[in-house]
Number of protein chains: 2
Amino acid sequence: MKSPGTRAAYHHGNLVEELIAATIALIEEKGVDAVSVREAAKRAGVSPAAPFRHFANKTALMTAVAEQAMGRLTLSVQQELEATGDADPVEGLRAIARGYLAWALANPTHFEVIASRTLIDFHGSPKLTGETEAIRLVMLDLIARGQAGGRISPALDPDALMLSARAFIYGLCRMWIDGHFTEWHVEKPAGQAMAEAVDLFIDMIGGRQATGRAGA
Amino acid sequence: MKSPGTRAAYHHGNLVEELIAATIALIEEKGVDAVSVREAAKRAGVSPAAPFRHFANKTALMTAVAEQAMGRLTLSVQQELEATGDADPVEGLRAIARGYLAWALANPTHFEVIASRTLIDFHGSPKLTGETEAIRLVMLDLIARGQAGGRISPALDPDALMLSARAFIYGLCRMWIDGHFTEWHVEKPAGQAMAEAVDLFIDMIGGRQATGRAGA
DNA sequence: TCTCCCATGTAAGCACTGATTACATTGAAT
DNA sequence: ATTCAATGTAATCAGTGCTTACATGGGAGA
């Protein structure tokens, strides 16, 4: 990257990526709200004003972080989706839900950044809107194939079903990052409870009323 | 309270309530993130340090706002619930979902405050945790009665069903306040789409696969 | 009625934030 | 070698949450 061992150059070289990395580290350590561009700049060994050469404002920096995180989220979903094959559309929906939930549970702070509409400029990022839309289209296709194959009742309106599924999984993830499970009073751990809820929801879509596959 | 008509006394009288009112007005005008205790103090005609005599910190002030809002939310839910009677437990669940959603749509910023876990100290407020738990118990009771009366399949695990319902409605509301409907590309308005999603979800719980009652 | 106390207000200021402006430094194209 | 645009710094601004020391005055006890 730059001459090693000697002093750092006046021009940093790849400040952009280093700032993103520093911000991510900052998020992991002290939480999303504790992020400041000054601190990120300090960690990158640069003046407080330097970041503003590369990011118009704090929101732009956080949006860059969100874009990187979104890449990993969609990857998680795709991997889960490919692992199940495309034999049964309902199982495809289940795979998406699981991949999405699993990533959110494993990366709560990053999910918080992606889901936020105050920290980032979601609609100003083609990557964020594009990948969100892509998942939406995959789900819509699965629903259509499920109804064509008799696996999902054709009486269910695809758009309403789509919205229900999105709201359900998004709500589950947000309940988690919003701390709705901190005093979880049920016996089983929150993660398992969520997994069971996902299976119940998918089973309801598939017409079944609770099969035995709720655990893992 | 104090001599009317003349100048305000050195001691304000009811600063607490006036600060809460000022904060609410501030939220309505400029949004949740634009709230500052200095501005609230200025609107109450008081020094920037005065609020800290009554609220330990900004979080405490916002929590007080949240408690007031929560009172109105539960009221909305209860009214919707009483309006339907308790003949059909599934319709009771539908009423709760509608009351909850309607209030959130009508008071997005207040809902944002309640749902937040960074602006307020949710778990430190008996009122907030208590009223949330109360709604949870009402729903649990409705589910139990629904299963006892054959209205809801007994094969569905009550806890998983409960969590699914909560996640679903919470997700719907959060999608709204998080701005996931700003570029709503479907023909029908977002409010109607959400109402239809609610009906679809409740109908799935009730065993039916989409009746004709989706429109209001 | 007088006194004193303490709840409630103010003034001043600390440490921090996001952001801007003017200036300094540099690597690369001409 | 010169020039110049990109990229860094220094200094500074207005605003934030919050704290400390001091001012005020309403109400209880004498």
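The model shown is predicted, which means the values in this text are computed figures rather than measured ones.
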Exercise. Which parts of residues 46-53 of chain B get close to DNA chain D, meaning a heavy atom less than 4.0 angstrom away?
Worked result: B:A49, B:F52, B:R53
Problem set entry | B:N14 CG - C:dT8 C1' separation (whole Å) | 13 Å
Exercise. Is any side-chain heavy atom of A:L75 closer than 4.5 Å to a side-chain heavy atom of A:Q79?
Worked result: yes
Problem set entry | Spacing between B:L19 atom CG and D:dG17 atom C1', to the nearest angstrom | 15 Å
Seminar exercise, completed: A:L15 atom CG is separated from D:dT9 atom P, nearest whole Å, by 8 Å
Exercise. Salt-bridged, A:K188 to A:E196, with N to O below 4.0 Å?
Worked result: yes
Problem set entry | Phosphate-side-chain proximity, A:H54 and D:dG8, N/O vs OP1/OP2 below 4.0 Å | yes
For this session: Take atom CG of B:L26 and atom P of D:dG17, then tell me their distance rounded to the nearest Å.
Result: 10 Å
Exercise. To the nearest Å, how far apart are A:E18 CD and D:dT7 C1'?
Worked result: 15 Å
Exercise. According to the interplanar angle, ranging from 0 to 90°, do the rings of B:F168 and B:F201 count as parallel (below 30°), tilted (30 to 60°) or perpendicular (above 60°)?
Worked result: parallel
Problem set entry | Pair B:R94 + B:D203: basic N to acidic O under 4.0 Å | yes
For this session: Salt-bridge test for B:R98 and B:D199: reply yes if a basic N is under 4.0 Å from a carboxylate O, no otherwise.
Result: yes
Problem set entry | Greater than 12 external heavy atoms within 6.0 Å of A:E28's CD | yes
Exercise. Can we say A:R43 and A:E29 salt-bridge, meaning some charged N sits less than 4.0 Å from an Asp/Glu carboxylate O?
Worked result: yes
Exercise. Do side-chain atoms of B:S125 reach the backbone of B:F122 as a donor and acceptor pair under 3.5 angstrom?
Worked result: no
For nucleotides 15-17 of chain C, give me every protein contact, N/O to N/O, under 3.5 Å, one pair per line with atom names.
unit_1 : atom_1 : unit_2 : atom_2 : d
C:dT17 : OP1    : A:S36  : OG     : 3.1

